[in-house]
Structure formats: structure tokens, C-alpha cells
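Quick caveat: nothing in here was measured; it's all calculated off a predicted structure.
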Amino acid sequence: MNEHSLSGTPSIDGRVTCFVCPHGCALAEGQWGLCRGRRALDGRVVDDNYGRLTSLALDPIEKKPLTQFHPGALVLSVGSYGCNLRCPFCQNASIACAGPKDVPWKEVQPIELVELAESVRNQGNIGLAFTYNEPLIGYEFVRDTGYLAHQRGLVNVLVSNGFVNPEPLAELLSLIDAANIDLKGFTPEFYDFVGGNLETVKRTIATLAATSTCHLEVTTLVIPGKNDSEQEIAAAAQWLASLDPTIPYHLTRFFPCHRLTDRPATPVADVHRLASVARCYLENVYTGNC
């Protein structure tokens with residue numbers, strides 16, 4: 001557990017408020033936040049899932065998905081448990097909706113993970129991807145590991161929902177070489193549906209787009225009857241283009257899972273039709289799961 005975390009501000013009743021994301025969980029001693037990865041201990045909010053890995057795999061970089069960052073390379077992908085959104089369609093619910101008592105995990109220190117990443121360089125590995133659950137709820141582990149990875153000439157990849165406050169994100173900007181941010185939808189109502197807010201995610205995307213050392217791509221999972229209107233995809237694409245028309249934008253096909261099983265998989269034709277809409281504004285639009 002890392003000691004150098006945003007400690008939060010104690011309140012009059014002894015609770016301490018977490019500053020990592022806009023939820024601002026006010027936690028009593030020993031209590032976990034909504035994300036189940038952060039906890040109040042000794043009057044501070046700490047990264048309770050620090051180095052607790054539930055998932056580890058050597059993946060193609062395109063699986064993140066990143067299409068224009070070292071194509072053909074592999075990246076050592078790691079995840080822990082917990083998430084600060086509650087998407088009913090979560091594809092990694094077994095870890096993202098879990099806490100420390102719900103899923104097996106193994107504690108791995110940053111230097112151990114970096115050495116493991118180095119050991120598979122001869123297999124095509126270029127670095128580390130923080131992914132699977134929401135990595136930014138444990139931004140301290142991303143920061144500490146990312147710093148060591150850069151010292152060894154490895155790249156750092158972030159796959160995130162983007163629901164984070166500016167301060168922790170700022171600590172990572174010089175360390176993240178590439179990011180894919182999930183833009184869940186492009187209406188406040190859709191973000192109510194998943195338990196976040198659109199403006200925070202837009203701010204994260206805009207910050208990364210303005211960071212010259214970070215390659216940015218964005219993904220939207222297209223869900224029938226939820227975020228699949230041409231107007232919504234056009235608005236998202238037009239806004240992304242206002243930041244940079246070359247941002248790669250991925251539109252991916254939904255399949256029923258977790259708690260959203262009341263609708264069919266997204267028709268392939270719909271994904272391609274919406275991609276055509278997005279291409280009116282963006283130069284690089286890709287379809288996934290088709």
C-alpha cells in the first residue's frame with residue numbers, strides 16, 4: 001500500500017474525503033469507497049489495491065484498442081480490482097465490480113512488475129498497459145510503476161474510463177505514452193446510467209489530447225437503444241474533432257452481458273453506419289467486435 005497518496009480532508013465527524021474522482025467519497029475509518037479500491041486508514045484515504053494484481057497477460061497492442069501506437073507490438077497488460085463507475089454492461093465485472101475479498105489477487109511491487117515486463121521484451125513486449133479494471137482508482141501504483149518503467153525504456157499505456165479529478169491525472173501525464181479512454185456515451189443521461197458524469201470524462205480526454213507526449217485514442221461501445229443514435233455519435237465525433245481531427249475513434253459492438261441482457265447484440269450494419277457518420281468529422285474511425 002503506497003504511503004504517498006492524496007490523503008483527503010478530515011471532516012468534523014472524523015470522516016475523510018477521497019479526492020481521486022468526483023464521487024468524493026466521505027469515508028469513516030476502515031471504510032472502502034464506492035470504487036472498492038480505496039480505503040480510509042489512519043485518517044487518510046489510501047490506495048488499498050496497490051500492487052494487488054488479479055489479471056496479467058501479454059496482449060497485442062491492438063486489443064487495448066490502440067491502432068496507431070506501435071502496431072504489431074505486444075504489451076504486458078495488468079489489472080487489479082475495483083472501478084468508480086457502475087456500468088450494467090461491464091465486460092470485466094468479475095474484477096471491476098469486486099473488492100479485496102471477492103476475487104483472488106497477488107501482491108506485486110512496481111519493481112517486480114517492471115522486471116517481468118523486461119523479461120518478455122524478447123517476445124515483442126514494449127511495456128505495460130494498466131487496464132481490465134479502472135486503473136486510475138489506484139493511480140499511485142500506475143505512477144510508481146510507470147516511473148520505473150520509463151527508467152528501463154518501457155512504455156506505459158492507460159486504458160481508462162476517464163472519470164478522474166485533475167490532480168491525480170496531472171501526476172501521471174508525463175508517464176503515460178498512450179491512452180485509450182472510454183467515452184461511454186455523449187449525453188448526461190447516459191452517464192447517469194453508468195454512475196458518472198460526461199463533463200469529467202470530456203475534461204480528461206481534452207487534457208490527454210493536449211499532452212504532446214501521449215498518444216490518445218477513444219472508444220465508444222455502441223448499445224442498442226442507449227447511445228446508438230446518429231445524432232449522439234455525430235456530436236461525439238464533432239467534439240473530438242474540435243480537439244484533433246486525427247484522434248482515432250473506435251466504435252465497438254455490444255454483446256449482452258453482466259446486468260444488461262434485455263437487448264440484443266448491436267447489429268453489425270449499425271456499427272458501420274455510425275462509423276460512416278463519425279467519419280464526417282474524424283479522419284481515423286475504426287469498428288470493433290464486428
Could you tell me if the ring centre of H250 sits under 6.0 Å from that of Y286? yes
N289 and R253 have their tightest heavy-atom pair at ND2-O, 3.1 Å
All heavy atoms of T67 vs all of P248, minimum pair found to be OG1-CB, 4.2 Å
In this structure, are over 12 heavy atoms from other groups packed under 6.0 Å from K202 atom NZ? yes
Taking atom types as modelled and ignoring hydrogens, do the side chains of E134 and N84 form a donor-acceptor contact shorter than 3.5 angstrom? no
ask   = Within the side chain of N227, is there an N or O that forms a donor-acceptor pair under 3.5 Å with the backbone of I223?
value = yes
### Check: V20 and Y139 side chains under 4.5 Å, non-hydrogen atoms
yes
Notebook entry, point to check: Side chains of W239 and I205: closer than 4.5 Å at any heavy-atom pair?
Noted result: yes
Shortest non-hydrogen pair, S77 vs T131, comes out as CB-CG2, 3.7 Å
Test side-chain contact (heavy atoms from CB on, under 4.5 Å), reference L113, set D144, L148, L53, output is L53
I'd like to know if D182 and K184 make a salt bridge, using a cut-off of under 4.0 Å between side-chain N and carboxylate O.
yes
Determine, for K64 against E217, whether the closest basic-nitrogen to carboxylate-oxygen distance falls under 4.0 angstrom. no
State, yes or no, whether a side-chain contact exists between I247 and V218 at a heavy-atom distance under 4.5 Å.
yes
Margin query: Do D192 and N197 pair up side chain to side chain, a donor and an acceptor below 3.5 Å, judged on atom types alone?
Written below: no
- Side chain to side chain, D177 and H215, heavy atoms closer than 4.5 Å: no
Notebook entry, point to check: Cation over ring, K226 on F190, under 6.0 Å and within 45°?
Noted result: no
Discussion item. With heavy-atom distances below 4.5 Å as the criterion, would you say the side chains of L175 and H150 are in contact?
Written reply: yes
Minimal heavy-atom distance between A149 and V114, with the atoms involved, is N-CG2, 3.8 Å
_Is any side-chain heavy atom of F141 closer than 4.5 Å to one of S80?_
no
Notebook entry, point to check: Do L158 and L56 belong together in a cluster built from hydrophobic side chains that touch within less than 4.5 Å?
Noted result: yes
For A129 and V75, the nearest pair of non-hydrogen atoms, with its separation, is N-CG2, 3.6 Å
- Task: With salt bridge (Lys or Arg N to Asp or Glu O under 4.0 Å) as the test, would you mind laying out the steps for E230 and R273 before giving the verdict?
- Result: CA-CA 8 Å; E230 292 188 6; R273 173 175 51 82; 2.9 Å; yes
ask   = Are T54 and Y132 close enough that a side-chain donor and a side-chain acceptor fall under 3.5 Å?
value = no
Exercise. Please determine if D48 and R36 form a salt bridge, counting it only when a charged side-chain N lies under 4.0 Å from a carboxylate O.
Key: no
Exercise. Taking 4.0 angstrom as the limit, do E118 and R121 come out as a salt bridge?
Worked result: yes
Next on the checklist: Within a 6.0 Å radius of atom CD on E115, are there more than 12 heavy atoms belonging to other residues, nucleotides or ligands?
Outcome noted: yes
Using 30° and 60° as the class boundaries, would you call the ring planes of F89 and F254 parallel, tilted or perpendicular? perpendicular
ask   = Linking I/L/V/M/F/W/Y whenever their side-chain heavy atoms sit closer than 4.5 Å, directly or via other members, would L85 and V142 fall into one cluster?
value = yes
| query | Between L216 and D244, is any pair of side-chain heavy atoms under 4.5 Å apart? | reply | no
Worksheet item: Taking C-beta and beyond as the side chain, do T246 and N284 meet within less than 4.5 Å on heavy atoms?
Response: yes
